[in-house]
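Report on the structure given below.
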2 protein chains.
Amino acid sequence: MDARNNKPSELEIFREFLKRQGMRYTPERETIIKEIFSTHEHFDVDSLYISIRQKGLRVSKASIYRLIPLLIKANLIEEVFFENGQMHYEHIYGHEHHCHLRCQECKRIEEFSDKRVAQIEEDLQRRFNYKILRHKLEVIGLCSECQKKSNSS
Amino acid sequence: MDARNNKPSELEIFREFLKRQGMRYTPERETIIKEIFSTHEHFDVDSLYISIRQKGLRVSKASIYRLIPLLIKANLIEEVFFENGQMHYEHIYGHEHHCHLRCQECKRIEEFSDKRVAQIEEDLQRRFNYKILRHKLEVIGLCSECQKKSNSS
DNA sequence: AGGCTTATTGACATTGAATAACAATTTCTT
DNA sequence: AAGAAATTGTTATTCAATGTCAATAAGCCT
């Protein structure tokens with residue numbers, strides 16, 4: 001448990017998850033998870049693999065690819081967007097949910113949250129009789145710098 | 001021009017677009033566009049290719065892959081989601097913008113629109129000084145049938 | 001603690017969507 | 001009608017993601 005707020009760590013959550021599924025806790029899985037949760041950055045398989053290698057650690061890409069669906073099932077990470085032929089992920093456990101405002105030109109990303117989305121979810125729940133699990137709101141636009149560039153050209 | 005509402009057709013829009021870009025209008029492009037806009041369904045490259053062939057027409061997949069970015073640039077279609085290793089698209093011109101509520105289990109899709117998203121966009125525009133171009137709101141949940149199934153198991 | 005079952009690993013091969021290369025063809029301007 | 005240049009289909013290529021499989025190791029049971 002985390003001493004400050006009594007909230008179990010990602011690793012603890014995941015070990016619990018593995019036990020429930022009759023799966024095993026391995027050093028490789030630990031390495032990958034620790035790397036993922038060491039920052040609050042988005043990641044893709046390739047960048048994750050590289051940063052693990054740069055720390056002098058060693059896991060195969062196959063193990064990363066095999067772990068990702070488990071982390072998603074355990075509600076620790078989620079897909080955020082698909083770009084340049086690769087899926088990108090971010091971790092969600094322990095972080096406020098947020099949406100993404102992305103610049104179409106320079107690819108920069110701003111994070112935001114808005115409680116109106118939760119209201120929309122409630123309405124959908126009633127209207128369609130769904131059990132809402134999550135949402136993904138992606139707003140695409142031009143940042144102020146890229147607006148200037150396109151105006152001057 | 002469409003006789004009823006005076007609105008140019010997708011083909012006209014696209015020919016205009018091609019001319020602006022110094023590009024050429026070809027029978028292959030016409031075939032693909034007509035097929036895309038003959039229904040209001042979502043599509044992916046493979047299903048599109050098949051339905052064109054089923055009509056006895058013939059274009060290469062390469063031409064489809066080459067056309068899609070142009071249609072996106074011309075604001076006629078957009079990516080909706082990536083699933084099963086394939087990008088899925090829908091056409092947007094001449095249709096009210098809508099968002100998607102998707103069942104995680106059975107993959108069924110409900111379409112909805114909510115004006116609160118436009119309000120969120122306005123706020124983002126001001127707050128981040130972005131020029132907002134579009135958004136993609138995907139809500140994922142369990143439809144009523146799939147809820148029943150998961151309860152009984 | 002040691003043994004046994006079976007999940008997991010890494011290496012390698014494979015799949016398949018998407019892109020690139022290129023010669024043959026076709027559009028479109030003049 | 002001719003010529004420059006874009007587009008086509010074919011073929012080859014890329015590369016993310018998945019499958020295969022023998023070797024290894026986790027974790028339960030006694």
Side-chain angles (χ1 to χ4, degrees), chain A residues 11-12 14-36 42-53 55-74 77-89, chain B residues 11-12 14-36 42-53 55-74 77-89:
Chain A
L11 264 172
E12 287 166 323
F14 192 60
R15 294 194 75 150
E16 212 26 66
F17 172 84
L18 288 176
K19 193 162 270 178
R20 275 202 307 280
Q21 310 273 324
M23 293 172 161
R24 293 173 184 173
Y25 187 71
T26 67
E28 290 81 5
R29 287 177 171 169
E30 183 176 313
T31 297
I32 300 167
I33 294 176
K34 281 187 174 169
E35 183 57 34
I36 290 175
H42 295 175
F43 68 94
D44 55 70
V45 169
D46 223 59
S47 64
L48 180 59
Y49 178 75
I50 289 169
S51 58
I52 287 172
R53 294 294 293 254
K55 294 215 165 113
L57 302 169
R58 216 167 228 289
V59 293
S60 70
K61 273 194 187 175
S63 292
I64 298 178
Y65 277 113
R66 284 186 286 235
L67 182 59
I68 284 178
L70 301 181
L71 293 174
I72 291 174
K73 221 180 225 173
I77 67 170
E78 69 181 11
E79 301 181 341
V80 281
F81 56 85
F82 183 81
E83 193 166 80
N84 280 116
Q86 270 183 291
M87 187 57 78
H88 294 247
Y89 306 88
Chain B
L11 264 172
E12 287 166 323
F14 192 60
R15 295 193 74 151
E16 213 25 67
F17 171 84
L18 288 176
K19 194 162 270 177
R20 275 201 307 279
Q21 310 274 323
M23 292 172 161
R24 293 171 184 173
Y25 188 70
T26 66
E28 290 81 5
R29 286 175 172 171
E30 183 175 314
T31 298
I32 299 167
I33 294 176
K34 281 187 173 167
E35 182 58 33
I36 290 175
H42 296 174
F43 68 95
D44 56 70
V45 169
D46 223 60
S47 63
L48 180 60
Y49 178 75
I50 289 169
S51 58
I52 288 172
R53 293 294 292 255
K55 295 215 164 112
L57 302 169
R58 215 167 229 291
V59 292
S60 70
K61 273 193 187 175
S63 291
I64 298 178
Y65 276 114
R66 282 187 286 234
L67 182 59
I68 283 178
L70 302 181
L71 293 174
I72 291 175
K73 220 179 227 176
I77 67 170
E78 68 181 11
E79 300 181 342
V80 280
F81 56 84
F82 183 81
E83 193 165 80
N84 280 116
Q86 270 183 291
M87 187 56 78
H88 294 247
Y89 307 88

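Note that the structure is predicted; figures quoted are calculated from it, not measured. The figures that follow rest on heavy atoms only: side chains count, while hydrogens, waters and symmetry mates do not.
Ring geometry for B/H42 against B/F81 counts as perpendicular: the plane angle is over 60°, on a 0 to 90° scale with 30° as the lower cut.
The OH-P distance, from A/Y25 to D/dG27, rounds to 9 Å in whole Å. The interatomic distance linking A/L18 (CG) with D/dA26 (P) rounds to 13 Å, in whole Å. In this structure, CG of B/L70 is placed 12 Å from P of C/dT19, rounded to the nearest angstrom. B/Y65 places its OH atom 10 Å from the C1' atom of C/dT19, with the value rounded to the nearest Å. For A/I68 and D/dA16, the CD1 to P distance is 13 Å, given to the nearest whole Å. In this structure, the CD atom of A/E16 is 13 Å from the P atom of D/dG27, given to the nearest Å. Distance CZ (B/R29) to P (C/dC28): 10 Å, rounded to an integer number of Å. When rounded to the nearest whole Å, the span between CZ of A/R24 and C1' of C/dT5 equals 7 Å.
The main-chain N or O of B/S47 is found under 3.5 Å from a side-chain atom of B/S51 such that the two form a donor-acceptor pair. Under the 3.5 Å distance criterion, the side-chain polar atoms of B/R29 are matched with a main-chain donor or acceptor of B/R24.
When each of A/R66 and B/F82 is assigned the nucleotide of DNA chain C bearing its nearest heavy atom, the one mapping closer to the 5' terminus is A/R66. Residue A/G22 is the one, among B/M23 and A/G22, whose nearest nucleotide of DNA chain C lies closer to the 5' end (criterion: closest heavy atom).
Residue-level contact check: A/P27 touches the backbone only, with heavy atoms under 4.0 Å from sugar-phosphate atoms and none from bases.
For D/dG9, the base has no donor-acceptor partner in the side chain of B/R58 [N/O atoms by modelled type, under 3.5 angstrom].
Closest approach of B/M87 to B/D44, counting heavy atoms only: O-CB, 3.5 Å.
Phosphate contact (OP1/OP2 of C/dT9, side-chain N/O of A/T26, threshold under 4.0 Å): present.
Ranking C/dT9, C/dA18, D/dA17 by closeness to the A/E28 side chain, first place goes to C/dT9. Of all nucleotides listed (C/dT27, C/dA11, D/dT10), D/dT10 comes nearest to the side chain of B/S60.
Going from atom CD1 of B/I64 over to atom CG of B/L48 covers 4.5 Å, rounded to the nearest 0.5 Å.
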